There are 2 protein chains.
Amino acid sequence: MSEVLRSAVNRSTTLEDVARVAGVSRATVSRVINGIRNVDPAIQESVRLAIASTGYVPNGAARSLVTRRAGSLALVVSGSGAEADGPAGGEVFTDPFFGRVVSGVFQALRPQGLHPVLMLADAPEAREQALAYLRQGNADGAMVVSTHAEDPMPALLLEAGVPAVLFGRPDRPLPISCVDLANRDGGRLAADHLHARGCRRVVTIAGPSGVRAARDRLAGFHDAMARHGLPYLPHAEADFTQAGGERAITRLLIEHPDTDGVFAANDLMAQGALAVLRDHGRRVPEDVAVVGFDDSSAATAGRPLLTTVRQPVEEMAAEMTRILLDHIARPERGATSVIFEPSLVVRQSA
Amino acid sequence: MSEVLRSAVNRSTTLEDVARVAGVSRATVSRVINGIRNVDPAIQESVRLAIASTGYVPNGAARSLVTRRAGSLALVVSGSGAEADGPAGGEVFTDPFFGRVVSGVFQALRPQGLHPVLMLADAPEAREQALAYLRQGNADGAMVVSTHAEDPMPALLLEAGVPAVLFGRPDRPLPISCVDLANRDGGRLAADHLHARGCRRVVTIAGPSGVRAARDRLAGFHDAMARHGLPYLPHAEADFTQAGGERAITRLLIEHPDTDGVFAANDLMAQGALAVLRDHGRRVPEDVAVVGFDDSSAATAGRPLLTTVRQPVEEMAAEMTRILLDHIARPERGATSVIFEPSLVVRQSA
DNA sequence: AGCATCTGGGAGAGCGCTCTATCCATCAAA
DNA sequence: TTTGATGGATAGAGCGCTCTCCCAGATGCT
């Protein structure tokens with residue numbers, strides 16, 4: 001009796017225990033649990049009973065050890081290591097963009113019963129930590145959101161043989177899967193709209209030049225504007241934050257007081273522009289039209305409601321997750337990339 | 001030779017391999033890696049060399065199996081299962097509150113080299129999944145952010161013997177650790193400020209009545225206002241979202257057009273109020289003063305800048321994490337709770 | 001010198017699970 | 001009856017690691 005008690009206290013119940021109670025072998029219990037091969041219905045029932053009566057819970061580590069599956073995926077928020085630009089450290093998580101990515105990842109992961117483990121690799125040390133974690137097989141694959149084009153993470157993952165999918169194309173082509181937005185098209189959409197509205201003295205608030213998406217949005221915008229006969233546009237670079245947007249528009253307004261249109265490379269910066277324009281007594285959209293990018297919650301947070309280029313972040317993140325799951329299930333397949341099309345959402349600001 | 005090649009392809013290198021290369025035993029290599037007990041510096045060096053030359057990476061699952069440590073903590077976003085109120089599903093992640101929690105968790109986790117695994121337990125099925133994952137020992141403990149007071153998760157975790165810490169006190173007292181804000185004090189702070197400003201026809205936008213924090217904020221506000229001689233205040237309930245705040249204030253303004261002060265139980269709803277007040281041509285703070293709650297990014301996103309009651313979410317989340325780590329390290333210790341004090345941040349809106 | 005203590009290292013027993021190889025009935029076909 | 005199949009269950013060999021013994025040699029003390 002004391003033996004029983006002691007073991008009940010010290011050890012948690014194992015397959016062995018369940019097998020003993022059910023009067024079958026360990027292997028049979030395992031088969032019932034994993035639902036493979038034919039097991040006599042009567043025995044199945046008695047095993048189930050034994051599981052319930054013992055309160056048995058399989059041990060994840062032991063299972064992982066033999067199946068070589070961790071049962072979790074990593075969501076890596078990765079920076080350059082220098083972070084000269086872009087929001088640093090924990091601030092990344094405050095960006096509505098991050099929440100939308102998580103949301104999309106969950107949409108795709110939920111049916112599979114998997115959970116994402118979050119990793120922040122914004123400094124060399126943190127990156128090594130994350131990489132070690134992944135190499136040890138603590139996660140079956142990685143989804144990477146880079147905040148910087150020079151991010152070495154994708155290449156390192158590739159080298160380590162960790163299945164990975166990127167949110168956003170890498171700067172230099174790599175044989176690695178990714179989802180991305182046709183950012184140039186998005187810039188074009190914004191340009192066409194502002195031009196059609198009659199804006200002729202347009203400025204742009206660019207994202208960090210180290211971020212490919214930011215460059216592409218600006219390039220698309222400038223190309224389209226050039227086609228409309230406006231080849232030279234003043235622009236200021238900011239860090240994708242609202243405060244950065246405020247500083248950028250302030251500078252632009254001093255240098256170009258007659259501005260009648262603003263394109264910001266994301267909604268947060270556009271919102272900063274809106275706030276400063278209001279401080280300066282400019283009416284939006286009457287005096288100055290403003291177009292943002294993303295269609296995040298920031299777009300509808302204030303007044304006027306922001307006209308913006310929609311990036312379907314949730315869908316993109318869900319697709320990223322699905323691609324990763326597919327890579328894990330069928331490692332032999334090559335890299336694939338899916339490019340989403342942006343769309344213009346016209347609200348009040350332009 | 002073919003034997004060597006095959007094993008190099010099929011299996012990843014193990015401790016055994018490293019030991020063979022270094023000419024020592026498995027145990028010694030393990031000791032070097034984990035840095036325990038004295039190992040001759042010369043041997044240490046040769047082991048390190050062998051590790052480098054073989055590209056050895058320890059197997060996390062095998063280690064977990066014997067140490068009974070997963071090396072990760074769960075961050076559970078948990079709902080009631082019904083979700084009659086409060087933001088549902090993936091929307092939780094869009095709330096700036098969530099980002100701040102994640103940020104705080106990372107602050108505390110980073111020095112430990114641990115990573116949080118995210119779990120969404122908003123429906124009974126998802127809750128079971130999450131619970132199973134935790135019981136299997138895939139995480140060493142759980143941090144729980146409940147979106148509803150009736151949330152059964154805390155009690156279930158307690159029952160399962162999973163170390164856990166809550167963000168926000170449970171509705172009914174449980175022997176479980178938590179961090180929380182003195183929400184009543186926060187409500188009082190807002191009331192005193194509005195009253196001192198001269199507001200006498202004040203309305204409140206409450207959070208979901210199923211959320212304890214929301215009730216406490218409102219109660220604190222009402223108590224203080226009653227002490228100031230204003231015992232009856234109109235209020236409307238909303239769901240902590242901006243859209244909900246907009247609906248609530250719209251209703252309140254119809255019923256009480258002479259309103260001169262608004263207290264919202266969080267910044268998102270306050271921002272909704274700001275937007276609608278602007279649509280109605282009311283000036284803030286001249287005609288109507290508005291006080292929010294949280295001091296999230298939403299408070300400084302628009303204009304006027306929001307006067308709000310600050311909740312130090314990041315610090316609270318970091319503390320929650322530290323408490324959990326402590327519980328895991330010293331399971332014998334009892335539950336502790338840490339209550340943070342709110343503070344008023346006066347900006348433009350009141 | 002004799003005994004106790006300490007230090008550095010090895011052998012090997014598990015941790016709890018999966019899964020292959022194997023075995024034993026049972027039953028259809030030759 | 002013999003010979004295979006075949007369904008249903010078992011035994012047992014690992015998966016890769018940690019950690020408790022255990023041992024040999026060096027050191028300290030009386």
Side-chain angles (χ1 to χ4, degrees), chain A residues 6-48 50-51 54-71 132-133 135-138 140, chain B residues 6-48 50-51 54-71 132-133 135-138 140:
Chain A
R6 192 158 52 74
S7 73
V9 171
N10 292 342
R11 302 181 314 114
S12 53
T13 57
T14 71
L15 260 195
E16 192 73 54
D17 302 327
V18 178
R20 207 179 313 120
V21 171
V24 297
S25 78
R26 217 167 48 233
T28 303
V29 179
S30 175
R31 254 184 262 126
V32 170
I33 289 172
N34 297 306
I36 40 175
R37 283 213 2 205
N38 311 334
V39 177
D40 188 298
I43 292 195
Q44 245 178 77
E45 195 45 40
S46 74
V47 167
R48 260 184 243 298
I51 291 176
T54 53
Y56 170 72
V57 177
N59 178 311
R63 179 178 287 177
S64 288
L65 179 57
V66 44
T67 59
R68 298 173 171 288
R69 277 288 148 72
Y133 187 89
R135 273 199 269 251
Q136 288 181 19
N138 289 309
D140 298 321
Chain B
R6 192 157 51 74
S7 71
V9 171
N10 293 342
R11 301 181 315 114
S12 54
T13 57
T14 72
L15 259 195
E16 192 73 52
D17 302 327
V18 178
R20 206 178 312 120
V21 171
V24 297
S25 77
R26 215 167 50 232
T28 303
V29 180
S30 175
R31 264 180 232 129
V32 171
I33 289 173
N34 297 304
I36 39 176
R37 278 195 30 185
N38 307 332
V39 177
D40 188 298
I43 293 195
Q44 248 181 73
E45 195 44 42
S46 73
V47 167
R48 261 184 242 297
I51 290 177
T54 53
Y56 169 72
V57 176
N59 178 312
R63 179 178 285 176
S64 290
L65 179 57
V66 44
T67 59
R68 302 176 167 286
R69 277 287 148 71
Y133 187 89
R135 274 199 268 251
Q136 288 182 18
N138 289 310
D140 298 320

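Every chain is numbered from 1 and lettered A, B, ... according to where its sequence line falls, protein lines coming before strand lines. Because the structure is a prediction, the values reported are computed rather than measured.
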Starting from [atom2] on [N], measure out to [atom1] on [X] and report it in whole angstrom.
X	N	atom1	atom2	answer
A/Glu16	C/dC15	CD	C1'	13 Å
A/Asn34	C/dC19	CG	C1'	11 Å
B/Asn59	D/dG14	CG	P	17 Å
B/Asp17	D/dC17	CG	C1'	13 Å
B/Arg69	C/dC15	CZ	C1'	15 Å
B/Arg63	D/dC19	CZ	P	10 Å
B/Leu15	C/dG10	CG	C1'	14 Å
A/Leu65	D/dA13	CG	P	17 Å

Given DNA chain C, 5'-ward residue of the pair A/Gly60 and B/Arg31, judged by closest heavy atom:
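Result of the comparison: B/Arg31.
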With a 4.0 Å cutoff (strictly under), does any side-chain N or O of [X] reach OP1 or OP2 of [N]?
X	N	result
B/Ser30	D/dT18	yes
B/Ser25	C/dG10	yes
B/Asn38	C/dG8	yes

Roughly how far apart are B/Arg63 CZ and B/Arg68 CZ, rounded to 0.5 Å?
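Separation between the atoms: 16.0 Å.
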If you check the B/Ala27 side chain, which of D/dA9, C/dC17, D/dC19 turns out closest?
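Of the options given, the side chain of B/Ala27 lies nearest D/dC19.
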Counting side-chain heavy atoms from C-beta on, which of C/dG10, D/dC17, D/dA9 comes nearest to A/Asp40?
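Out of C/dG10, D/dC17, D/dA9, the nucleotide with an atom closest to A/Asp40's side chain is D/dA9.
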Could a donor-acceptor pair under 3.5 angstrom be found where the side chain of A/Arg26 meets the base of C/dT18?
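It does, because a donor-acceptor pair links the side chain of A/Arg26 to the base of C/dT18 below 3.5 Å.
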Using only modelled atom types and a 3.5 angstrom limit, is any donor from either the side chain of B/Arg68 or the base of C/dG16 paired with an acceptor on the other?
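In this structure, the two groups form no donor-acceptor pair.
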Give the C-alpha distance, both sets of side-chain angles, the deciding distance and a yes or no for side chain to side chain contact (heavy atoms under 4.5 Å, CB included) between B/Ile51 and B/Ile33.
CA-CA 9 Å; B/Ile51 290 177; B/Ile33 289 173; 3.8 Å; yes
Evaluate A/Ser30 against A/Leu15 for side chain to side chain contact (heavy atoms under 4.5 Å, CB included), listing each step before the verdict.
CA-CA 7 Å; A/Ser30 175; A/Leu15 260 195; 4.0 Å; yes
Can you list the steps and then say if B/Asn59 with B/Thr14 is a side chain to side chain contact (heavy atoms under 4.5 Å, CB included)?
CA-CA 8 Å; B/Asn59 178 312; B/Thr14 72; over 6 Å; no
State whether the side chain of A/Asp140 and the backbone N or O of A/Ala70 hold a donor-acceptor pair below 3.5 Å, judged by distance alone.
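Yes; at least one donor-acceptor contact below 3.5 Å.
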